[in-house]
Student: 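Attaching a single structure in structure tokens format; questions to follow.
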There are 2 protein chains.
Amino acid sequence: MIEEAFKLDNQLCFRLYTASRLLTQAYHPLLSEYGLTYPQYLVLLVLWEKDAQPVNDIARRLFLETNTVTPLLQRMEKEGVLNRRKGENDARQMIVSLSRKGKLLRKKLSGVPFSVGNAVLCDSVTPESTPELFRMLDGIILNLSSR
Amino acid sequence: MIEEAFKLDNQLCFRLYTASRLLTQAYHPLLSEYGLTYPQYLVLLVLWEKDAQPVNDIARRLFLETNTVTPLLQRMEKEGVLNRRKGENDARQMIVSLSRKGKLLRKKLSGVPFSVGNAVLCDSVTPESTPELFRMLDGIILNLSSR
DNA sequence: TATATTTGCATCGTGAACGATATAAATTAA
DNA sequence: TTAATTTATATCGTTCACGATGCAAATATA
């Protein structure tokens with residue numbers, strides 16, 4: 001059934017692509033108020049969990065390449081959200097740590113997860129069903145990232 | 001539990017974002033062989049379903065804005081995959097239709113849905129569970145696109 | 001009919017993504 | 001120790017996404 005396989009409505013990737021974009025858009029008004037983009041917010045989530053990490057660790061945590069993360073971090077440094085300094089043990093590394101401003105953003109953005117979480121909830125996506133959704137998405141991610 | 005809400009592992013959007021990116025990457029080797037990107041492939045899916053559509057209809061079908069789609073179509077036109085002509089009834093419209101090359105690509109890419117579909121399958125994502133996954137993603141999309 | 005508004009598409013600027021490549025520091029091998 | 005290789009990060013070029021804006025054609029309003 002090649003016909004069916006080509007239909008947009010049967011495509012998993014298109015759904016993921018669209019859902020991801022729309023949900024990122026939902027973050028936009030909440031983040032732009034503080035001059036942040038969604039990928040920059042992800043970097044903050046990583047650093048809020050554990051401050052002072054090399055570029056590589058941040059990139060791996062986000063499943064991104066350093067050639068994506070480096071310019072991102074440079075922009076964030078320019079905005080004063082974080083600092084970058086050469087590693088002491090390994091001079092190749094660039095250690096990224098939160099600035100005072102970056103730490104303060106955590107409190108200012110404390111409402112964001114709740115706001116966005118609420119925006120997503122609907123008949124098909126409930127607090128009860130999200131674990132199953134997470135499980136499936138994690139399966140896809142694990143499957144595709146290990147090759 | 002602000003602490004928990006901020007954890008990357010509790011974020012739906014990050015999962016969607018990552019799964020979408022990784023799955024798009026899985027398409028890459030299959031599409032680049034024919035000089036196509038994933039968004040360009042999506043445009044072809046739309047046109048294979050119904051040829052000769054105005055820019056607006058294509059954009060809406062993909063949940064994209066025309067300022068994203070227009071340059072995409074211009075690149076595809078330059079590659080000879082499709083043609084663009086002024087609308088006859090409404091001169092503002094730009095009618096996009098498949099070229100011979102664009103139509104032929106359908107056969108050449110006939111293995112793509114199957115290849116990618118196989119790459120996704122895992123313990124958590126089976127032919128039996130995908131309808132449920134589709135249902136939840138459709139819920140999110142419907143929910144976020146209608147506002 | 002003249003004017004205002006809406007609609008469809010295009011252009012511009014910025015920030016991701018990502019393949020390809022470069023560079024310097026660290027590690028391994030010779 | 002010197003040379004080859006690997007590793008960590010950065011730079012470059014192209015293609016999205018998307019907010020903001022521009023413009024001409026169509027439609028609505030006065």
Side-chain angles (χ1 to χ4, degrees), chain A residues 13-14 16-29 31-33 35-43 53-60 62-79 81 84-96 144-145, chain B residues 13-14 16-29 31-33 35-43 53-60 62-79 81 84-96 144-145:
Chain A
C13 188
F14 175 57
L16 290 173
Y17 164 79
T18 303
S20 167
R21 284 181 32 248
L22 293 177
L23 193 45
T24 300
Q25 285 174 23
Y27 277 93
H28 187 263
L31 297 178
S32 66
E33 190 175 347
L36 292 171
T37 65
Y38 180 69
Q40 290 175 9
Y41 172 70
L42 290 182
V43 169
Q53 297 191 51
V55 173
N56 225 345
D57 290 15
I58 298 174
R60 263 202 301 270
L62 299 178
F63 298 91
L64 290 168
E65 300 297 319
T66 62
N67 56 0
T68 297
V69 172
T70 292
L72 195 72
L73 295 173
Q74 288 171 338
R75 282 186 288 268
M76 294 177 77
E77 184 181 37
K78 205 155 70 181
E79 293 296 321
V81 176
R84 302 186 314 142
R85 64 166 194 279
K86 276 266 178 71
E88 292 172 9
N89 303 339
D90 190 333
R92 292 170 303 180
Q93 287 187 332
M94 198 60 131
I95 307 296
V96 181
L144 295 176
S145 63
Chain B
C13 189
F14 175 58
L16 290 172
Y17 163 79
T18 303
S20 167
R21 283 182 32 250
L22 293 177
L23 193 44
T24 299
Q25 285 174 24
Y27 277 93
H28 187 263
L31 297 178
S32 67
E33 190 177 345
L36 292 171
T37 65
Y38 180 70
Q40 291 175 7
Y41 173 69
L42 290 181
V43 169
Q53 297 192 51
V55 173
N56 224 344
D57 290 15
I58 298 173
R60 263 203 301 270
L62 299 178
F63 297 91
L64 290 167
E65 301 297 319
T66 63
N67 56 1
T68 297
V69 172
T70 292
L72 194 75
L73 295 173
Q74 288 171 339
R75 282 186 288 267
M76 293 178 78
E77 185 182 36
K78 204 156 70 181
E79 293 297 320
V81 177
R84 303 188 311 141
R85 62 167 197 278
K86 275 266 177 72
E88 293 173 7
N89 304 338
D90 189 332
R92 292 170 304 181
Q93 286 187 334
M94 199 61 131
I95 308 297
V96 180
L144 294 176
S145 62

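Below, chains carry the letters A, B, ... as their sequence lines are ordered, and counting in each starts from 1.
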Student: Using whole Å, what does the distance between atom C1' of nucleotide dT14(D) and atom NZ of Lys78(B) come to?
Tutor: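 Checked: the NZ to C1' distance equals 11 Å.
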
Student: Would you mind reading off the distance between Met94(B) atom CE and dA26(D) atom P, rounded to a whole angstrom?
Tutor: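 Result: 14 Å.
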
Student: Output yes when at least one side-chain N/O atom of Gln93(B) is less than 4.0 Å from OP1 or OP2 of dA26(D), else no.
Tutor: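 No, outside the criterion.
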
Student: Can you measure from CZ (Arg84(A)) to CD (Gln93(A)) and round to the nearest 0.5 angstrom?
Tutor: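 Going from the CZ atom of Arg84(A) to the CD atom of Gln93(A) covers 13.5 Å.
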
Student: Would you kindly compare Thr70(B) and His28(B) by the position of their nearest DNA chain C nucleotide and give the one closer to the 5′ end?
Tutor: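 Closer to the 5' end of DNA chain C: Thr70(B).
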
Student: Can you find an N or O donor on one side and an acceptor on the other, under 3.5 Å apart, linking the side chain of Arg92(A) with the base of dT9(D)?
Tutor: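 Side chain to base: no pair present.
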
Student: According to a strict under-4.0 Å criterion, is Tyr38(A) in side-chain N/O contact with OP1 or OP2 of dG15(C)?
Tutor: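 Answer is no, no contact under 4.0 Å.
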
Student: Between Arg21(A) and Phe63(B) (side chain of the first, backbone of the second, donor and acceptor by atom type, cut-off under 3.5 Å), is there such a pair?
Tutor: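 Between the backbone of Phe63(B) and the side chain of Arg21(A) there is a qualifying donor-acceptor contact (under 3.5 Å).
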
Student: Where each residue is assigned the nucleotide of DNA chain D containing its nearest heavy atom, which of Asn89(B) and Glu65(B) is assigned the position nearer the 5′ end?
Tutor: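 The 5'-side residue here is Glu65(B).
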
Student: When only distance counts, do a donor and an acceptor, one from the side chain of Asp90(B) and one from the base of dG8(C), lie under 3.5 Å apart?
Tutor: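 Not at all, since no donor on one side and acceptor on the other fall under 3.5 Å apart.
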
Student: Please classify the nucleic acid contact of Tyr17(A) as base, sugar-phosphate, or nothing, using heavy-atom distances under 4.0 Å.
Tutor: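 Sugar-phosphate, backbone atoms only, no base.
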
Student: Measure from CG on Leu64(A) to P on dA16(C) and round the result to the nearest Å.
Tutor: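 About 11 Å, once rounded to whole Å.
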
Student: Between the main-chain N or O of Phe14(A) and the side-chain N or O of Tyr38(B), is there a donor-acceptor pair closer than 3.5 Å?
Tutor: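 Yes; at least one donor-acceptor contact below 3.5 Å.
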
Student: Taking CG from Leu31(B) and P from dT15(D), how many angstroms apart are they, rounded to a whole number?
Tutor: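 Nearest whole value for this atom pair: 15 Å.
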
Student: Mind checking Arg60(A) for me? I need base, sugar-phosphate or nothing, with any heavy atom below 4.0 Å counting as a touch.
Tutor: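 Answer is nothing: Arg60(A) stays at 4.0 Å or more from every strand.
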
Student: Rounded to whole angstroms, how far apart are CZ on Arg84(A) and C1' on dA10(D)?
Tutor: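 Answer to the nearest Å: 9 Å.
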
Student: Specify the separation, in whole Å, of atom CG of Leu62(B) and atom P of dA17(D).
Tutor: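 From Leu62(B) CG to dA17(D) P: 10 Å.
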
Student: Taking the side chain of Gln40(B) as heavy atoms from C-beta outward, which of dA17(D), dA10(C), dT15(D) is closest to it?
Tutor: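 Taking heavy atoms from C-beta onward, the closest nucleotide is dT15(D).
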
Student: Are Thr37(B) and dT15(D) close enough that a side-chain N or O sits under 4.0 Å from OP1 or OP2?
Tutor: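 No, no such contact exists.
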
Student: Set out, in order, the CA-CA distance, both residues' side-chain angles and the distance that settles side chain to side chain contact (heavy atoms under 4.5 Å, CB included) for Ile95(A) and Arg85(A), then state yes or no.
Tutor: CA-CA 5 Å; Ile95(A) 307 296; Arg85(A) 64 166 194 279; 3.8 Å; yes

Student: Taking CZ from Arg85(B) and C1' from dC9(C), how many angstroms apart are they, rounded to a whole number?
Tutor: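 For the pair Arg85(B) CZ and dC9(C) C1', the rounded distance is 16 Å.
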
Student: Strictly below 4.0 Å: does Arg75(B) bring a side-chain N or O up to OP1 or OP2 of dT15(D)?
Tutor: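 So the side chain of Arg75(B) is outside the cut-off, no N or O lying under 4.0 Å from OP1 or OP2 of dT15(D).
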
Student: Rounded to whole Å, how long is the line connecting atom CD1 of Ile58(A) with atom C1' of dT9(D)?
Tutor: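 Rounding to the nearest Å, CD1 of Ile58(A) and C1' of dT9(D) are 12 Å apart.
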
Student: To the nearest 0.5 Å, what is the distance between OG1 (Thr37(A)) and CZ (Arg75(A))?
Tutor: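 Between atom OG1 of Thr37(A) and atom CZ of Arg75(A) there are 7.5 Å.
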
Student: Could you check whether Asp57(A) gets within reach of a base, just the sugar-phosphate, or nothing at all, counting any heavy atom under 4.0 Å?
Tutor: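 Touches nothing.
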
Student: In terms of the nearest nucleotide of DNA chain D, which residue is placed more toward the 5' end: Thr66(A) or Arg21(A)?
Tutor: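 Closer to the 5' end of DNA chain D: Thr66(A).
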
Student: Can you figure out which of dC12(D), dT11(C), dG8(C) approaches the side chain of Asn67(A) most closely?
Tutor: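 So the side chain of Asn67(A) is nearest to dC12(D).
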
Student: Apply side chain to side chain contact (heavy atoms under 4.5 Å, CB included) to Gln40(B) and Leu72(B), showing your working.
Tutor: CA-CA 7 Å; Gln40(B) 291 175 7; Leu72(B) 194 75; 3.9 Å; yes

